[in-house]
Each structure stands twice: as C-alpha cells, then as structure tokens.
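Sharing a structure here in structure tokens format.
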Amino acid sequence: LIPGDLTQDGELENHRWLANRLSQLKTPAFVITGNHDLRVPETQDGYLGPEDFAHIYAGCGYAQTQKPYFHQLVAPEVHLIGLNALWFAPGESKPQPTLDPVQWIWLEHLLAQYQDQVILVMVHYNVLEHIPHQASHPSTQGYMLQDHERLAQLLRRYGVSWVFTGHFHMQDIAHQDGLFDITTGSLVSYPHPYRICSLKGAELKIQSKRIASLPQWPHLQAFSLGRTCRASDFYLRRLLANPPLGLSGSAADDLVPHLRDFWAKLSAGDAQFNLPALPSPVRDFFERFNDLPPADNDVTLQTPAPAGLLQ
C-alpha cells in the first residue's frame, strides 16, 4: 500500500517509470494519488492529469475503473478502498484536498454494501489529528483532509476501523472513537520507514522497519537524521512565532538550537520530549507532543470484528 506522493511533481515520465517497476514486484502493489502526483487538471506538457491516472496504474488497483479511485477485494471478505483526495473543481487549476462530490456518493454506497465485512481505506491526507491542534495550527492544518471530520464520521458509521494515510512524513497511529489512522513516513525522508501489517480476524499487527543503507549512502540513517535536523529550523521558527507561543524572531532564534531534533523525533514515532532547559510556556507546548497510546511503530490493534468476517 503506497498512500500517495509517488513522484515529485506529477511528471508523466516518472509515473510511467514507477508503474513499470511496481508491475515487476512479486506481490500486488496498490497506490493512490498524493498532492505531489496531480498538479494539473488534465494531462499536458509532460504532467499527469487525474483522467489518465487509472490508465497508468491499471495494475495497481485501477484495472476495472477509469476514475482515480478504486475498490478491490484483496482477500476473502477483506476490501481495500483507495481514495483520491485531490479534487479539481470545475474551472479551477489547483486541487482541493478533499473528495469530489461523485466520489462521496460512490464511497458511501460501497461502505453500505460491504459493512458486514472488513474494509481498509487508503487516503493521502490525514483523517485524524496526529499531533496536538494539527487541524487548526497554521503550520500543520494543510496535512489534514479538508473534510476530515465528515470522512471519519462516515467510516465509523459503517464500522471501518483502519484507514492508512501519508502526507505528514511521520510514523504515527492516531485513535479516536474506534477509528485508527495509520500514517507512515516517507521512504525518501528520515527515518525511511515502511510497515508490515498482518490482518487476522479483528486484529491488525503492525511492525515498522527502516531502510538502513543504500549504495550511495552506507550510513543512510545517520546522514538523513543530520539533514533533517538542519532543515527543520524554518519549521521550528514558525511553531515558535505562531500562536499560542507568538515569540519574537530573536526569541525564536535563541530557542531553535535546543529543538533541532524535534521534527526528527516526531518523524520516527513514539516521541518523548523532556526539555527542562526551555522556559515554561515553550517547554509545556513542546512536551504536549509526547506520544500517546497506541504505539506508533510496533503494535497490535484490535477492534470488534464485523459480523460476517470469516476467522
């Protein structure tokens, strides 16, 4: 399962290259669109548009549809729904991070049809908050699906427990009212993670692993950690300058060196922060990012099994 961001800027050449590589795998690969994958409302000038996405990735879940979203039976009584959360409204050149109106209707029809079986959902943007105030803070609200509450309520209504998301480049599992949002970091950024998920009945066992090295980078983890810490200064200044902290530029600059590994720890999952050297308001703010159950990397999630599920 690859929940989007298959390319850097939606280049048609790169989509074709990736689809070809995925077709060579020994196990099925299922992909969905991410914000980096569809930058134009129609295929043009070497960039892929939504109307051709299903054609390019026919072997990755889209063989029976011309739409950039799909439904597949992946095991007996286990269904995978891949959503497209990039809607080009009529006349608009930039997509909104939500489902188009027809897709909402299609989704609810599917959920109602298979609600007594296991349904796994994959969507690029986060459906639940993975850090405090993610949906409202200016620095992080863009990582949430625009209609995230609507989708969460719809999934709960039909007994869906597991939704797989991306976009945030973070290892985190959020849980709220029976719904788990399992977001996985990017293979191309620290800590270069992937997950192995085993589904048995009402139990989902999750193991997280990392790419440790590449031919060009034998010490990939150390190299990438240092790069992430150096690149996080701009993000940290935004967190410090925006409400609720609202620090001046000079005050934020003084604190950034104490927080340089903050984003790297969040990205790795299971983050715990102890920052006694920081002043109280700042310390309290950042220590609220300490991870809460369930664990982010290695965990077994349990939920009531649908009535018709075969054990």
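Since the structure is predicted, the reported quantities are computational estimates derived from the model, not experimental observations.
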Let's go through L278 and L259 carefully: what are the C-alpha distance in whole Å and the side-chain angles of both, what is the deciding distance for side chain to side chain contact (heavy atoms under 4.5 Å, CB included) to 0.1 Å, and is it a yes or a no?
CA-CA 9 Å; L278 298 185; L259 295 163; 3.7 Å; yes
Counting C-beta onward and ignoring hydrogens, is there a side-chain heavy-atom pair between M170 and I131 closer than 4.5 Å?
yes
Please lay out, stage by stage, how H130 and D181 fare under the test side-chain hydrogen bond (donor to acceptor under 3.5 Å, both in side chains).
CA-CA 8 Å; H130 290 276; D181 182 331; 3.1 Å; yes
Are L110 and I81 close enough that some pair of their side-chain heavy atoms sits under 4.5 Å apart?
yes
Could you please spell out the steps behind the side chain to side chain contact (heavy atoms under 4.5 Å, CB included) verdict for L239 and L245?
CA-CA 8 Å; L239 277 180; L245 294 175; 5.9 Å; no
Going by distance alone, is a donor N or O of one side chain under 3.5 Å from an acceptor N or O of the other, for Y114 and E77?
no
Are side-chain N/O atoms of E287 and N290 paired as donor and acceptor at under 3.5 Å?
no
Q171 and its side chain to side chain donor-acceptor pair (under 3.5 Å) partner, picked from T183, N297, D291
N297
Please confirm whether the backbone N or O of Q103 pairs with a side-chain atom of D100, one donor and one acceptor, at under 3.5 Å?
yes
Test item: E203 and L301 side chains (from C-beta on) under 4.5 Å apart, heavy atoms:
no
Gap between atom CH2 of W162 and atom CD1 of I173 - 0.5 Å precision:
11.5 Å
Calculate, to the nearest 0.5 Å, the distance between atoms CD1 and CG belonging to I56 and D37 respectively.
12.0 Å
How many angstroms lie between atom NE2 of H192 and atom CG of L225, to the nearest 0.5 angstrom?
9.5 Å
Counting heavy atoms not belonging to R227, are there more than 12 under 6.0 Å from its CZ?
no
Would you please test F164 and L120 for side chain to side chain contact (heavy atoms under 4.5 Å, CB included) and show each step?
CA-CA 8 Å; F164 296 87; L120 310 175; 4.3 Å; yes
Heavy atoms from other residues, nucleotides or ligands near OH of Y47 exceed 12 (cutoff 6.0 Å):
no
Counting neighbours of CD on E149 that are heavy atoms of other residues, nucleotides or ligands and sit closer than 6.0 Å, is the number greater than 12?
no
Determine, using the 4.5 Å side-chain heavy-atom cutoff (strictly less than), whether W263 and L236 are members of one ILVMFWY cluster.
yes
Would I211 and V188 show up in the same hydrophobic cluster when neighbours are defined by side-chain heavy atoms closer than 4.5 Å?
no
Does some side-chain heavy atom of S267 sit less than 4.5 Å from a side-chain heavy atom of P191?
yes
Taking the side chain as every heavy atom from C-beta outward, state whether L255 and P279 have any pair of such atoms under 4.5 Å apart.
yes
Count the heavy atoms belonging to other residues, nucleotides or ligands that lie under 6.0 Å from CD of Q24, then report whether that count exceeds 12.
yes
Between P3 and L1, which heavy-atom pair has the shortest distance, and what is it?
CD-O, 3.7 Å
May I ask you to check whether over 12 heavy atoms, not counting those of Q96, lie within 6.0 Å of atom CD?
yes
Taking atom types as modelled and ignoring hydrogens, do the side chains of H36 and T7 form a donor-acceptor contact shorter than 3.5 angstrom?
no
Within the 4.5 Å heavy-atom criterion, are R16 and L12 side-chain neighbours or not?
yes
Between N126 and H148: side-chain donor-acceptor atoms closer than 3.5 Å
no
Mind checking whether F262 and F273 have parallel, tilted or perpendicular rings, split at 30° and 60°?
tilted
Where does the angle between the aromatic ring planes of F223 and W217 fall among parallel (under 30°), tilted (30 to 60°) and perpendicular (over 60°)?
parallel
Under 3.5 Å, is there a donor on one side chain and an acceptor on the other for H15 and Y57?
yes
Hey, what do you get for CG (L38) to CG (N35), rounding to the nearest 0.5 Å?
9.5 Å
Flag yes if L18 and V31 sit in one hydrophobic cluster, no otherwise; membership is Ile, Leu, Val, Met, Phe, Trp, Tyr, and two members link when side-chain heavy atoms are under 4.5 Å apart.
yes
Do any N or O atoms from the side chain of E11 and from the backbone of D9 form a donor-acceptor pair under 3.5 angstrom?
yes
When you check the side-chain N and O atoms of D254 and S250, is any donor under 3.5 Å from an acceptor?
no
Any link between L83 and W104 through a network of hydrophobic side chains (Ile, Leu, Val, Met, Phe, Trp, Tyr) touching at under 4.5 Å?
yes
Below 4.5 Å, heavy atoms only, C-beta onward: do R210 and Q221 meet side chain to side chain?
yes
For Q8, I'd like to know if atom CD has over 12 heavy atoms of other residues, nucleotides or ligands within 6.0 Å.
yes
Flag side-chain contact, heavy atom, 4.5 Å: I206 against L204
yes
Cut-off 3.5 Å, side chains only: do T33 and H124 have a donor facing an acceptor?
no
Go through the steps for E51 and K67 under the test salt bridge (Lys or Arg N to Asp or Glu O under 4.0 Å), then give the verdict.
CA-CA 7 Å; E51 79 281 4; K67 303 291 185 182; over 6 Å; no
N84 side chain vs L86 backbone, donor-acceptor pair below 3.5 Å:
yes
Between L128 and F289, is there shared hydrophobic-cluster membership here, with clusters defined by ILVMFWY side-chain heavy atoms closer than 4.5 Å?
no
How long is the span from the CG atom in D270 to the CG atom in D172, to the nearest 0.5 Å?
8.5 Å
One should read off an interatomic distance between L111 CG and Q117 CD, to the nearest 0.5 angstrom, of 12.5 Å
The test is ring-ring contact (aromatic ring centres under 6.0 Å, His included); show your working for Y125 and Y143 and say whether it passes.
CA-CA 6 Å; Y125 292 88; Y143 294 95; 8.5 Å; no
Assess the residue pair Y158 and E108 against the criterion (side chain to side chain contact (heavy atoms under 4.5 Å, CB included)); give the C-alpha distance rounded to whole Å, side-chain angles, the decisive distance to 0.1 Å, and a yes or no.
CA-CA 9 Å; Y158 291 100; E108 184 160 11; 3.0 Å; yes
